[in-house]
Amino acid sequence: VMKEKGESLYPSVALASVLGRYYFLVEMDKLSTKFKTKIPLGASHLVDEFAREFVKKHGLTVLNKIVKQNFANYRRLTT
């Protein structure tokens, strides 16, 4: 069943959203610890700058393992 605003209609959908966000943030904290840097979230110019520096330090192969490659930030970096 597909419904708009599922979070307001079904508590289980809202809970799944909260849990998904929580685990995303936990995993991002783990990656930040692993690479000894704070990995910025979102699509700002700061994310673009971070990605360029990350590639210089760790390489594109490593970046490919931790980013969504269909986002505009990634396309700007690789074109």
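Everything numeric here is computed off the predicted structure, so don't read it as measured data.
When all heavy atoms are compared, the tightest approach of R76 to A43 is NH2-O, 4.1 Å. Closest approach of R75 and N70 over heavy atoms only: NH1-O, 2.6 Å. Across all their heavy atoms, F50 and K38 have their closest contact at CE1-O, 3.9 Å.
Counting heavy atoms from C-beta outward, K30 and V26 have side chains that approach closer than 4.5 Å.
No continuous path of ILVMFWY side-chain contacts below 4.5 Å connects V18 to L9, so the two sit in separate hydrophobic clusters. There is no path of hydrophobic side-chain contacts, each under 4.5 Å, that joins I39 to F71. Linking Ile, Leu, Val, Met, Phe, Trp and Tyr whenever their side-chain heavy atoms come within less than 4.5 Å puts F35 and L77 in one cluster. Tracing side-chain contacts under 4.5 Å through hydrophobic residues (I, L, V, M, F, W, Y), one never reaches L15 starting from V13; they form parts of separate clusters.
For the atom pair I66 CD1 and L31 CG, the distance stands at 5.5 Å (nearest 0.5 Å). Taking NZ of K68 as the start and CG of N73 as the end, the distance is 11.5 Å to the nearest 0.5 Å. The NZ atom of K36 sits 8.0 Å away from the NZ atom of K57 when rounded to the nearest 0.5 Å.
Partner of S44 under the side chain to side chain contact (heavy atoms under 4.5 Å, CB included) criterion, out of L46, L41, D48: L46 alone. Only one option out of T79, L60, V47 pairs with Y74 in a side chain to side chain contact (heavy atoms under 4.5 Å, CB included); it is L60.
In this structure a side-chain-to-backbone donor-acceptor pair under 3.5 Å is present from Q69 to N64. Looking only at distances, a side-chain donor or acceptor of S32 sits under 3.5 Å from a matching main-chain atom of T37.
A salt bridge does not link K34 to D29: none of the charged nitrogens lies less than 4.0 Å from a carboxylate oxygen.
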